[in-house]
Amino acid sequence: MAHVHEAIAAAIPNRDCIVWGDKRWTWAQITDRTRRLANYLIARGVAIPVGREFLDGHESGQDHLGIYLYNGNEYLEAMLGAYKARVAPFNINYRYVAEELRYLLLDSNCRILVYHSAFAPMLAEIRDQLPHLEILLQVADDSGNTLLPGAVDYEEALASASAERPEVQVMGGDWSPDDLYILYTGGTTGM
């Protein structure tokens with residue numbers, strides 16, 4: 001996905017990539033934002049995978065990034081930025097109650113979470129039960145909720161990072177088609 005996005009952006013940088021309400025972002029702008037997110041994550045020490053051949057079948061070999069967002073540009077940015085940092089993203093149903101959210105974040109071994117401020121109170125309820133959750137990126141919205149302790153404002157994180165193509169080479173490789181997307185169902189068939 002990282003290669004595909006970069007290739008399209010190189011071919012049509014000034015065309016609309018995302019239209020959300022009355023806002024528009026070009027392919028070049030989304031490339032800039034997703035690279036910044038990837039570089040921010042890399043600077044925070046996300047694990048670059050070493051290759052599937054060195055892992056057991058149940059291991060991902062990648063850090064996991066939860067996307068706990070309503071629809072909007074940040075959702076796609078989080079997914080593409082994760083791929084560009086070689087982190088495995090996964091969707092989180094925003095309708096979860098605290099126990100479902102806690103279970104998912106523990107079961108997924110989520111290290112990074114991108115979430116709307118509206119979800120900060122729910123996350124605050126369970127935060128002390130999530131030892132693997134290290135990087136919190138809070139997307140401002142009109143909820144009025146302040147940053148959780150240890151969280152970083154999403155836009156400030158992007159502004160602090162480079163827009164250069166992320167350096168993710170490992171063992172002679174680059175972005176890999178073996179990088180994962182993790183899919184959790186909404187729980188209707190059980191945990």
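Counted by atom type alone, Tyr154 and Gln138 present zero donor-acceptor pairs between their side chains at under 3.5 Å. Tyr75 and Asn91 share a donor-acceptor pair across their side chains, judged by distance under 3.5 Å alone. A side-chain donor from one of Tyr40 and Arg44 sits under 3.5 Å from a side-chain acceptor of the other. Side-chain atoms of Asn109 and His132 form a donor-acceptor pair, as typed in the model, at a separation below 3.5 Å.
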**Asked** Passes side chain to side chain contact (heavy atoms under 4.5 Å, CB included), Leu148 versus Leu123? Steps please.
**Response** CA-CA 9 Å; Leu148 288 177; Leu123 189 56; 3.6 Å; yes
**Asked** Could you walk me through whether Tyr68 and Val114 pass the side chain to side chain contact (heavy atoms under 4.5 Å, CB included) check?
**Response** CA-CA 6 Å; Tyr68 189 29; Val114 181; over 6 Å; no
**Request:** Report the C-alpha separation of Trp20 and Asn71 in whole Å, then their side-chain angles, then the decisive distance to 0.1 Å, and conclude whether the side chain to side chain contact (heavy atoms under 4.5 Å, CB included) test is met.
**Result:** CA-CA 9 Å; Trp20 176 245; Asn71 290 337; 3.7 Å; yes
**Message:** Walk me through whether Lys84 and Glu6 qualify under salt bridge (Lys or Arg N to Asp or Glu O under 4.0 Å).
**Reply:** CA-CA 10 Å; Lys84 291 179 183 185; Glu6 293 275 330; 2.8 Å; yes
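For Glu164, the side-chain hydrogen bond (donor to acceptor under 3.5 Å, both in side chains) test picks out no residue, with sequence neighbours left out. The side-chain hydrogen bond (donor to acceptor under 3.5 Å, both in side chains) test applied to Asp153 returns no partner, not counting sequence neighbours. The side-chain hydrogen bond (donor to acceptor under 3.5 Å, both in side chains) search around Gln29 returns Thr26, not counting sequence neighbours.
Taking 4.5 Å as the limit, every side-chain heavy atom of Leu65 sits out of range of all side-chain heavy atoms of Arg111.
Cluster annotation: Leu136 and Leu147 are assigned to distinct hydrophobic clusters (Ile/Leu/Val/Met/Phe/Trp/Tyr, side-chain heavy-atom contacts under 4.5 Å, transitive).
Ring geometry for His3 versus Trp175: interplanar angle over 60°, hence perpendicular rather than tilted (30 to 60°). Using a 30° and 60° split on the angle between ring planes, Phe90 and His64 fall in the perpendicular class, above 60°.
A distance of 6.0 Å or more separates the ring centres of Tyr96 and Phe119.
Counting non-hydrogen atoms of other residues, nucleotides and ligands closer than 6.0 Å to CG of Asp128 gives a total above 12.
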